[in-house]
Asker: 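Here it is, the structure in full.
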Amino acid sequence: MSANRRDHGSIFRAMLQEFDAAARILNLEPGIWKILTHPKRQVTVSCPVQMDNGEIEVFTGYRVQYNITLGPGKGGIRYHPDVSLDEVTALAAWMTWKCAVAHIPFGGAKGGVICDPSSMSRRELEALTRRYIAEIIDLIGPEKDVPAPDVNTNEQIMAWVMDTYSMHVGHTSTAIVTGKPLELGGSLGRHEATGRGVMIVARESAKHVGFDINGATVAVQGCGNVGSISAKLLAQIGAKIVAVTDWNGGVYNAAGLDLPKLIDYVNDQREQRSVKGFAGAEPLTNEQLFTLDVDVLIPAALENQITMDNAPAIRAKVVIEGANGPTTPDAHQHLHQRGVFVVPDILANSAGVTASYFEWVQDRYGYFWTEKDVNERLEMKMCEAFNAVLQTSLKYHVDMRMAAYIVAIDRVATVTRMRGMYA
Ligand code: NAD
């Protein structure tokens with residue numbers, strides 16, 4: 001390992017620690033180890049935008065292609081004041097491992113622009129998006145690098161990405177970006193995909209650990225896209241969702257919450273949506289959620305929610321990481337030692353990127369699947385990924401997080417070795 005790869009910021013270092021531990025178990029040769037711990041490309045661009053007040057602002061943007069050995073880069077575009085090159089690099093690396101675990105033919109990439117979208121008008125956001133895409137235009141393409149939404153970016157922004165790229169190449173190119181509106185070549189089933197994947201992984205985990213998901217009790221943190229849909233789909237297969245919390249508090253009902261009603265209650269609120277105040281349930285705090293005597297706990301809100309402050313109180317048999325990075329490394333170690341079965345984010349929420357892959361396939365085909373087709377294929381891919389990680393965890397006597405890294409690194413390393421060294 002070269003010394004300078006240690007110079008990245010702490011998020012990237014955290015990724016490397018997980019990588020190194022898995023690479024040691026795999027007995028990865030030093031050359032491949034070096035390749036897989038260096039980002040392939042990191043591009044920084046300046047994006048001048050004329051603001052509504054007539055002044056010119058210059059925004060800094062990044063696109064990192066961490067590893068594109070398995071296929072085109074895949075990864076979202078984040079708009080946030082705290083975006084940094086280190087963070088974008090780490091997220092691009094995690095996308096590399098997530099795509100490899102999901103067994104889809106994509107490498108890992110990520111983009112970001114340092115900006116505060118909450119203080120920008122729609123026109124300013126459109127101008128920024130178009131200029132950022134124009135600045136990275138040579139880097140992206142359906143066979144090169146395919147962006148998607150991430151924090152503070154949405155379907156509308158993806159539509160502008162698609163239009164800007166299409167204008168540059170002179171023809172309509174839908175496969176340049178995923179997470180588009182349906183009318184522009186988006187995929188049915190994508191909106192529900194991540195939550196559906198979390199449900200599938202929870203169901204398969206219950207089978208492995210030895211309890212029936214039908215009748216099992218579930219607590220969910222977060223009632224946004226991932227939390228609400230995984231809860232709704234788990235309720236549909238007979239699980240009892242006893243608790244849901246969000247930014248503003250939570251609700252508890254030992255007999256099981258009525259999920260469709262709860263989701264309607266949240267969606268009916270115009271701003272600052274929350275489950276708080278839902279009738280027919282007792283109030284519950286986020287702190288209390290983690291101490292409940294449930295079979296399954298699903299953190300599906302933010303990073304660093306399960307820490308050594310609350311992990312000792314967790315009584316769930318299974319933790320499914322719907323969110324990215326919800327468990328700190330020491331808390332994860334603690335849970336594993338206590339025999340809690342933790343399914344890591346790069347497996348548990350990988351159905352989102354798998355559905356993006358389906359969208360890209362349909363766009364390239366120019367032939368669109370029914371929602372049933374998408375869901376059936378998602379079921380197959382998620383079960384395949386879960387079983388590959390589970391078998392690896394049993395083979396190497398490691399936890400599911402380490403096993404997911406081993407599966408991912410082994411797949412990228414194998415293709416790297418087969419392709420050999422150019423020049
Ligand atoms: P979202 O914005 O739709 O929902 C987030 C939820 O978290 C909301 O219910 C919000 O109230 C809640 N929340 C915010 N702050 C909180 C706090 N302090 N305490 C408790 N709850 C809080 O987001 P989402 O799309 O559901 O994403 C959730 C997580 O899943 C994120 O980590 C995201 O990166 C990850 N993820 C999402 C997808 C996807 O397809 N949406 C895919 C992969 C990973």
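Here, residue 1 is the first one in the sequence, and each next residue gets the next number. Start at 1 and go down the list; that is how both ligands and their atoms are numbered.
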Asker: Between Arg411 and Val101 (side chain of the first, backbone of the second, donor and acceptor by atom type, cut-off under 3.5 Å), is there such a pair?
Answerer: yes

Asker: Compute the centroid of each ring, for Phe106 and then for Tyr357, and state whether the two points are separated by less than 6.0 Å.
Answerer: yes

Asker: Taking the six-membered ring for Trp, are Trp97 and Phe19 parallel (under 30°), tilted (30 to 60°) or perpendicular (over 60°)?
Answerer: tilted

Asker: Should Gly352 be listed as contacting ligand 1, given a heavy-atom distance under 4.0 Å as the test?
Answerer: no

Asker: Using 0.5 Å steps for rounding, measure from the CG atom of Asn253 to the CZ atom of Phe278.
Answerer: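 Between Asn253 CG and Phe278 CZ, I get 8.5 Å after rounding to 0.5 Å.
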
Asker: Just by distance, do the side chain of Arg419 and the backbone of Thr69 share a donor-acceptor pair under 3.5 Å?
Answerer: yes

Asker: To check you understand the geometry: which heavy-atom pair defines the closest contact between Ala254 and Val242, and what is its length?
Answerer: O-CG1, 3.7 Å

Asker: How close does the nearest protein non-hydrogen atom get to atom 5 (C) of ligand 1, and which residue and atom is it?
Answerer: Gly224 CA, 4.3 Å

Asker: Is the positively charged end of Lys317 above the ring of Phe211, judged by distance under 6.0 angstrom from the centroid and angle within 45° of the axis?
Answerer: yes

Asker: Give me the nearest non-hydrogen protein atom to atom 13 (N) of ligand 1 as residue plus atom name, then the distance to 0.1 Å.
Answerer: Trp247 N, 3.7 Å

Asker: Report the nearest protein non-hydrogen atom to atom 19 (N) of ligand 1: residue, atom name, distance rounded to 0.1 Å.
Answerer: Asn286 ND2, 3.7 Å

Asker: Regarding ligand 1, does Lys98 bring an N or O atom to under 3.5 Å of one of the ligand's N or O atoms?
Answerer: no

Asker: Decide yes or no for Ile229 and His191: does some side-chain heavy atom of the first lie under 4.5 Å from some side-chain heavy atom of the second?
Answerer: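 Counting from C-beta outward, Ile229 and His191 do come under 4.5 Å.
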
Asker: For Gly222, is at least one N or O under 3.5 Å away from an N or O on ligand 1?
Answerer: no

Asker: Based purely on interatomic distance, does Cys223 place a nitrogen or oxygen under 3.5 Å from a nitrogen or oxygen of ligand 1?
Answerer: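 Looking only at distances, the answer is yes, because the N/O contact criterion of under 3.5 Å is met.
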
Asker: Nearest heavy atom to atom 34 (O) of ligand 1 wins, so pick from Thr285, Asn152, Asn324.
Answerer: Asn324

Asker: So which atom in Tyr405 and which in Ala22 form the shortest heavy-atom distance, rounded to 0.1 Å?
Answerer: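 Minimum heavy-atom contact is CB-CB, 3.5 Å.
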
Asker: Below the 3.5 angstrom mark, is there an N/O of Asn349, backbone or side chain, next to an N/O of ligand 1?
Answerer: no

Asker: Please state which protein non-hydrogen atom is closest to atom 41 (N) of ligand 1 and give its distance, to 0.1 Å?
Answerer: Asn225 OD1, 3.4 Å

Asker: Using protein heavy atoms only, decide if any is under 4.0 Å from atom 2 (O) of ligand 1.
Answerer: no

Asker: Can you name the one residue among Val88, Thr153, Leu91 that meets side-chain contact (heavy atoms from CB on, under 4.5 Å) with Arg78?
Answerer: Leu91

Asker: Heavy-atom contacts with Ala323 under 4.0 Å: which atoms of ligand 1 show up? List them by number with element.
Answerer: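 Those of ligand 1 that fall under 4.0 Å from Ala323 are 29 (C), 30 (O), 32 (O), 35 (C).
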
Asker: Is the shortest N/O to N/O distance between Arg273 and ligand 1 below 3.5 Å?
Answerer: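 So ligand 1 has no N or O lying under 3.5 Å from an N or O of Arg273.
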
Asker: Check this for me - ligand 1, Ala300, N or O atoms closer than 3.5 angstrom, yes or no?
Answerer: no

Asker: Are the side chain of Asn286 and the backbone of Asp246 linked by a donor-acceptor contact shorter than 3.5 Å?
Answerer: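 Confirmed, Asn286 side chain pairs with Asp246 backbone.
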
Asker: So which protein heavy atom does atom 26 (O) of ligand 1 come closest to, and at what separation?
Answerer: Val226 N, 2.9 Å

Asker: Is Lys180 salt-bridged to Glu155, going by a charged N under 4.0 Å from an acidic O?
Answerer: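 No salt bridge links Lys180 with Glu155.
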
Asker: Which protein heavy atom lies closest to atom 17 (C) of ligand 1, and at what distance to 0.1 Å?
Answerer: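 Of the protein heavy atoms, Leu302 CD1, 3.6 Å lies nearest.
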
Asker: Give a yes/no verdict on whether any heavy atom in Thr245 is under 4.0 Å from an atom of ligand 1.
Answerer: no

Asker: Write out the residue and atom name of the closest protein heavy atom to atom 40 (O) of ligand 1, then the distance separating them to 0.1 Å.
Answerer: Thr194 OG1, 2.7 Å

Asker: Out of all atoms in ligand 1, which are within 4.0 Å of some heavy atom of Ala301? Include the element for each.
Answerer: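 Matching atoms, with element in brackets: 7 (O), 12 (C), 13 (N), 21 (N), 22 (C), 28 (C), 29 (C), 31 (C), 32 (O).
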
Asker: May I ask whether atom 23 (O) of ligand 1 is less than 4.0 Å from at least one protein heavy atom?
Answerer: no

